[in-house]
Chemist: 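For reference, the structure I am asking about is given below.
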Amino acid sequence: MKIFSRTILAAVSGLALSVGAAEAKTLTISWWGFNGEKLDQFIVKPFQAKCGCELVFETGNNADRLNKIKIRGGAGVDVAYFTDSYSQIGIEEGLFQKVDPAKIPNLAGLYDLAKDPQGGYGPAYTIGRVGIMYDEAKVKPITAWADLWREDLKASLSLPGITTTAGPMVVVLAGDKAGTNAFDNADPAFAEIEKIKPNVVKNYNTGSELVNLFSTGEVTASLSQDFVLGQLKKAVPTIKWADLPDAIATLNTVNIPKGAAEPDLAHEFINFILDPALQQTLAENGVDAPVATSVTLTPEQAVQWTYGADMINNLKRIDYSKLNAAKGAWIERWNEMFGG
């Protein structure tokens with residue numbers, strides 16, 4: 001009888017294990033793959049332990065990853081990380097589903113800019129900005145976008161390539177300088193870009209390329225995203241971020257594709273990465289700027305980030321629907337002007 005009982009118990013235990021294994025879920029995430037070790041330490045392993053699931057990844061740049069989702073008709077991944085310019089494309093092409101705020105309670109603790117940046121779709125999990133960086137040991141103070149056209153910056157400037165996140169913003173800013181809207185008429189903007197050409201040494205396409213240009217002394221000023229600021233200051237301690245009243249917001253968003261196999265688990269993951277304690281840890285360890293309002297950083301920790309209500313509330317937003325529609329023609333004109 002004991003042998004029979006043990007046999008039944010073993011069979012039941014084996015069945016439970018097989019059922020448990022069958023119920024183990026997989027969450028597929030599309031992201032860049034940067035900061036791999038830190039993301040594995042602070043996000044991947046803790047979330048897997050919490051959910052009892054497995055995380056698998058599809059990595060690459062914005063354009064390639066979004067195209068894969070499009071080819072699959074919005075299926076194949078459960079969570080998708082994109083810059084807001086690319087998430088806007090995905091939204092307009094019907095690739096993402098709206099999120100359920102009730103399933104993401106940590107939304108309540110975010111800056112307003114991050115909560116719902118694109119009309120009911122995924123939130124921003126980090127905020128950056130586009131501004132001007134310059135070597136204050138070699139350049140007079142820069143206090144306005146128009147300063148990039150100054151004569152004392154001749155053969156000293158690097159602009160972002162037109163296909164980078166910040167590149168099209170040069171056209172927008174050049175239109176502003178000309179007193180026109182580049183989305184309505186790009187001619188005055190490109191006339192201003194022609195005027196700035198004598199100042200431009202080279203257009204850069206990656207953060208590491210920009211760091212190298214400053215390190216070798218080839219350039220002393222640039223328009224750039226702030227994610228490269230920490231690396232630049234390590235290489236050139238006299239690098240300064242210009243205090244502009246209208247720096248441009250760049251958001252990294254997290255969305256759920258319309259064909260996600262695990263939408264509930266995707267909501268749980270999004271809520272997890274917005275947890276204030278995790279946001280604090282990621283900011284302190286140089287991974288991402290925080291969007292949780294309760295995060296408190298020292299001046300030393302905050303120097304590389306878009307951080308704090310005063311800074312975030314004064315950021316300028318770009319209309320990515322208009323920018324994405326105009327970008328193709330701008331790329332052609334830019335390449336004619338600079339070569340490419």
Side-chain angles (χ1 to χ4, degrees), residues 27 29-32 34-35 38-51 53 55 78-84 87-88 91 96-129 225-227 230 247-256 260 262-318 320:
L27 187 73
I29 298 173
S30 173
W31 64 4
W32 296 276
F34 302 144
N35 284 318
K38 291 182 179 180
L39 292 176
D40 189 56
Q41 177 185 354
F42 299 127
I43 294 179
V44 177
K45 288 179 179 176
F47 186 74
Q48 287 183 149
K50 180 177 184 292
C51 71
C53 61
L55 301 189
D78 303 298
V79 175
Y81 283 64
F82 287 104
T83 59
D84 48 354
S87 57
Q88 185 63 40
I91 289 166
F96 302 140
Q97 58 183 277
K98 291 192 174 184
V99 298
D100 182 353
K103 296 179 180 179
I104 313 175
N106 283 326
L107 285 175
L110 306 188
Y111 291 105
D112 288 343
L113 180 60
K115 288 179 182 178
D116 181 17
Q118 293 176 305
Y121 293 89
Y125 67 90
T126 189
I127 297 174
R129 52 195 164 140
Q225 291 180 262
D226 65 349
F227 75 84
I248 300 170
T250 58
L251 309 181
N252 283 359
T253 63
V254 59
N255 271 282
I256 303 175
E262 299 288 349
D264 288 339
L265 192 57
H267 279 90
E268 183 180 344
F269 178 82
I270 293 173
N271 192 60
F272 179 82
I273 64 172
L274 299 178
D275 179 82
L278 178 58
Q279 288 265 312
Q280 180 83 38
T281 298
L282 295 177
E284 290 176 350
N285 286 275
V287 178
D288 282 316
V291 291
T293 60
S294 62
V295 171
T296 302
L297 302 177
T298 66
E300 292 76 20
Q301 292 168 336
V303 69
Q304 66 176 315
W305 298 131
T306 300
Y307 164 74
D310 289 346
M311 183 181 294
I312 289 172
N313 292 338
N314 285 308
L315 292 173
K316 176 182 177 180
R317 289 295 308 277
I318 291 289
Y320 281 109

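Reckoned from all heavy atoms, side chains included, excluding hydrogens, waters and symmetry mates.
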Chemist: Between D84 and Q118, which heavy-atom pair has the shortest distance, and what is it?
Modeler: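 Result for this residue pair: O-NE2, 3.0 Å.
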Chemist: Would you mind reporting whether N252 and W31 have side-chain heavy atoms less than 4.5 Å apart?
Modeler: no
Chemist: Taking all atoms of both residues into account, what is the closest heavy-atom pair of W305 and D226, and its distance?
Modeler: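 Looking at all heavy atoms of both residues, the closest pair is C-OD2, 3.9 Å.
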Chemist: List, one per line, each side-chain donor-acceptor pair under 3.5 Å for residues 270-282, sequence neighbours excluded.
Modeler:
unit_1 : atom_1 : unit_2 : atom_2 : d
N271   : OD1    : N106   : N      : 2.8
N271   : OD1    : N106   : ND2    : 3.3
D275   : OD2    : A277   : N      : 3.0
D275   : OD2    : L278   : N      : 3.3
Q279   : OE1    : V291   : N      : 2.6
Q279   : OE1    : A292   : N      : 3.3
Q279   : NE2    : Y125   : O      : 3.3
Q279   : NE2    : I273   : O      : 3.1
Q280   : OE1    : T296   : N      : 3.1
Q280   : NE2    : E284   : OE2    : 2.8
Q280   : NE2    : T296   : O      : 2.8
T281   : OG1    : A277   : O      : 3.1

Chemist: Atom CG in D288, atom CG in L39: separation rounded to 0.5 Å?
Modeler: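 Taking CG in D288 and CG in L39, the distance rounds to 7.5 Å.
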Chemist: Could you tell me if the side chain of R317 sits less than 4.5 Å from the side chain of P117, heavy atoms only?
Modeler: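 Heavy-atom side-chain distance check passes, below 4.5 Å.
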Chemist: Before giving the answer on side chain to side chain contact (heavy atoms under 4.5 Å, CB included), spell out for W32 and T83 the whole-Å C-alpha distance, their side-chain angles and the decisive distance to 0.1 Å.
Modeler: CA-CA 10 Å; W32 296 276; T83 59; 4.0 Å; yes
Chemist: If we only count heavy atoms from C-beta on, is the L265 to F47 side-chain gap below 4.5 Å?
Modeler: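 Yes - at least one pair of side-chain heavy atoms lies under 4.5 Å apart.
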Chemist: Got a donor-acceptor contact below 3.5 angstrom from the T126 side chain to the A289 backbone?
Modeler: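 Answer holds: yes.
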Chemist: Could you tell me which non-hydrogen atom of S87 sits nearest to which non-hydrogen atom of N255, and how far apart they are?
Modeler: CB-ND2, 3.8 Å
Chemist: Any chance you could measure L107, atom CG, to K115, atom NZ, to the nearest 0.5 Å?
Modeler: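 With rounding to 0.5 Å, CG (L107) is 8.0 Å from NZ (K115).
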Chemist: Can you name the closest pair of heavy atoms from L315 and G128 and give their distance?
Modeler: CD1-O, 4.2 Å
Chemist: Any idea which heavy atoms bring E262 and D78 closest together, and the distance?
Modeler: N-OD1, 2.9 Å
Chemist: Between atom CD1 of I248 and atom NZ of K316, what is the distance when rounded to the nearest 0.5 Å?
Modeler: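 If we round to the nearest 0.5 Å, I248:CD1 and K316:NZ are 5.5 Å apart.
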Chemist: Answer whether the closest heavy-atom distance between the side chains of P290 and L297 falls below 4.5 Å.
Modeler: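 Yes, at least one pair of side-chain atoms sits under 4.5 Å.
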Chemist: State which residues pass ring pair (Phe, Tyr, Trp, His ring centres under 6.0 Å) with F82; sequence neighbours excluded, sorted by chain then number.
Modeler: none
Chemist: In sequence, state the C-alpha distance, the side-chain angles, and the governing distance for F42 and N285, and then conclude on side chain to side chain contact (heavy atoms under 4.5 Å, CB included).
Modeler: CA-CA 10 Å; F42 299 127; N285 286 275; 3.6 Å; yes
Chemist: Roughly how far, to the nearest 0.5 Å, is the OG1 atom of T250 from the CZ atom of R129?
Modeler: 9.5 Å
Chemist: State, with a plain yes or no, whether a side-chain heavy atom of F269 is found less than 4.5 Å away from one of I29.
Modeler: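 In short, these two side chains touch, coming nearer than 4.5 Å.
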Chemist: So which atom in A80 and which in F96 form the shortest heavy-atom distance, rounded to 0.1 Å?
Modeler: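 Where A80 meets F96 most closely, the heavy atoms are CB-CE2, 4.3 Å.
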Chemist: Using modelled atom types and a 3.5 Å cut-off, is there a donor and acceptor pairing between side-chain atoms of Q304 and backbone atoms of G286?
Modeler: no
Chemist: For K45, does the NZ atom sit with more than 12 other heavy atoms under 6.0 Å from it, leaving out its own atoms?
Modeler: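 Not buried by this count: 12 neighbours or fewer within 6.0 Å.
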